[in-house]
Every structure is written in C-alpha cells, then in structure tokens.
Amino acid sequence: MSTKEEMKRLDYTLPYNKYVDPEVMKEEREKIFYKNWIMVGHTSQVEKVGDFFTFDLVGEPIIVTRGKDEELHAFYNICPHRGAIVERTEQGNKKILQCIYHGWTFHLDGKVNRTPNFKTNDIEKPSCMTPIRLEVHQSMIFVNLNQDAPAFETDYQSFLNNINEYTFLSSLKKVRENRRIVQANWKSIIDNYLECDHCQIAHPSFSKAFDLTKYSITPCDNFSYQCTTASDEEEGPGARFYWVWPNTMISIYPGTGNMTTSHIIPVDEKSSLAIYRYYFADENLTADEEDLIKFVDQVREEDFELVELLQSGLHSRACGRGVYSPTEHGLKHFHQLVTKAMQS
Ligand code: FES
Ligand SMILES: [Fe+2]
C-alpha cells in the first residue's frame, strides 16, 4: 500500500487549534460546562446542617449547602445586591451566610434574611441568591447551570446502572484532597486518561501492578470505562476507571471499598485546575490504603509530565492534528461528544 493510501486510512483527532485557542475555550465554557451535569463534590463534605463548600465552575462561583431542612441546596455564590462573592472560604459550617460588602445576610437555602441598607427586608426574589439545579447519585453531587437541561438520569442512565454494582460507594467518605494547576488544556488531560497506549512506557509501576494484556476500554453513551485486573489475580474484581462526560473521572481500585475522583476545571485554554479526591470507608487509613494513595499520586505525576510536554508542542505548525491508534477509541468517543456539543 502506498503512503498516500495509508494516510487515507488514518483516523484523525480533533485539530490542535482546539487546544490552544482562547475563543474555542470561551465557547466550550458556554456549550459544555454551563450546559451539562458537572460533579462538584460528595455528600460527605456536607453531612451536617450548616455545612457548605464552594466551587469555581469554570469562572462561575457556586456554593453547596446543607440547609435547615436537612436538604442540599446549590446556588451561585454571588450577592444579588451588587454582585460580590458572598462566601469566601472553601468549606465550613455556618448558620447564616453574610456578604461583607453591605452586610446582606442569607439563609442556608440562599433566601435573603436581612438587607441592612434597605428600609425593608421584604424585597423578596431579586434579593435571594440564584439557585442552581443539584442532584445526588451514589453520594456524588452533580450540578447543572442550565435550568432547562434534562434530569441527570435521562442522560446518564447507563452510567448509573453500571456504577450501581459498587454497593459500597454510598458509605465512602472524602478522606484526602490534592489540587494542582496543570499547564495543559483540559481536553489534553482527559485524552491522557482515556487511553492506555502510553502505560507501558510511561507508568512502570502501573504496568507491573496490572495485567495490560487484559486491558479494555468501553465507550458508552455519555461515559466510558476501562477495566483491567491486577497482575497477581487470576480472576476477580480488577480496577475500573470511569470517565463521565465532560470532565469527571472516577477510579475504583481492587481492595477494600475505595474511590478516587478527578475534576478537571479549565482555567484558560492552556491550563487547568485538577482536583483529586480520595474516598474510603474510614478516615483512619490502613497501610494498604496509604500505599494506594501513593501509587495513584505517582501515576498522576507521570501523566502531568506527559500532558505538559504535549501542550508545549500543540501550537507548532509542524502538525495540525493527531491520529488515533486502534486502541484509542475511548479518546475518539470523547472527541465525538466534544464536536457534537460544539455544534449545538
Ligand atoms: S454587594 Fe453584597 S451586600 Fe452589597
Ligand atoms: Fe497515564
């Protein structure tokens, strides 16, 4: 076969300008991050009445609280008086939220309590913090900034069916968290997670621990999952790595019930905030659980190096787009979903 014929058969990735263009990033923010269900946290972060955490959803500050009604609430962390950020800490427990600018106060469900610079507190709806849709599945908290979006179950039913087999998920607690700015476009970090062609060369400890000959990648509608078994296991539950459209990864390793989540939040077109969280049944970790965290951290550091190396070359005129190998179908599936979302 001639080189020309071979080139015709190659299957090309998203063009690289989608990874370096600030205008593309602006459009992705609107069409992807502000229109879809995004995982922002876990119920173990807001167990008691008054517990809250804040989250920057790609430039939109939000807050999730456990209200007096014991229900979870999500709203924009923005004061309706003149637009200041209301709660300035990442997490805590409060009876009431207060904006420090003119002192307006809000109940834990975002409804206004007092507006000291007005003669009355009775200015109702315009004086409340703006609510956001929130759903909880397997203790994971998802929000959607699009008030008209379909319910989570409509778009993610098969993901829920798949993950429901892990009956321990709801009893886990968030035990640890790492944050890191990665000098890479958010899609590069997802791309890296969605294929294991690089595992043999880049992840010596991972390749030793898992049998890569049994590695599989299964794209489904709005998610995909990768399975492998530990090298020393004949059969039995292996590791499963979920990616949930658009920016959440959920990994479950063999051993006692565990989960690690990764939230990839774009900062701009060439950098992202990666939030990594570890969940176990008990916050007092066993030696095996501490070892698992070390193992996962090391594999991630290896991946950071790769994606930062990639990002530093993506602007080059040398190559406008990449090609998929036959085992990079998870990556291709992600790119198809990005293309579809951007056409909407
Ligand atoms: S901006 Fe919040 S009270 Fe004025
Ligand atoms: Fe990797």
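We use all heavy atoms of the structure for the numbers below, so side chains are in, but hydrogens, waters and symmetry mates are not. Counting starts at 1 for both ligands and their atoms, following the listed order. Count residues from 1 along the sequence.
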| field | Modelled atom types, side-chain donor and acceptor of D288 and T286, under 3.5 Å | value | no

| Counting from 1, what ligand 1 atoms have a heavy atom of W104 closer than 4.0 Å? | 3 (S)

| note | So the atoms of ligand 1 within less than 4.0 Å of a heavy atom of C79 turn out to be 1 (S), 2 (Fe), 3 (S)

| Validation row, ring centre W245 to ring centre F159 under 6.0 Å | no

| said: For Y324 and H329, I'd like to know if the aromatic rings sit close, meaning centre-to-centre distance below 6.0 Å. | reply: no

| message | With a cut-off of 2.8 Å, does H81 put an N/O/S atom close enough to atom 4 (Fe) of ligand 1? | response | yes

| Between OD1 of D303 and NE2 of H203, what angle is found at the Fe ion (ligand 2), rounded to 10 degrees? | 90°

| query | Is the charged tip of R180 near the ring of Y276: under 6.0 Å from the six-membered ring centre and within 45° of its axis? | reply | no

| task | Establish, yes or no, whether the cationic atom of K187 lies under 6.0 Å from the six-membered ring centre of Y19 and within 45° of the ring axis. | result | yes

| query | Strictly under 2.8 Å, is any N, O or S atom of H102 next to atom 2 (Fe) of ligand 1? | reply | no

| task | May I ask you to check whether H198 brings an N, O or S atom to under 2.8 Å from the Fe ion (ligand 2)? | result | yes

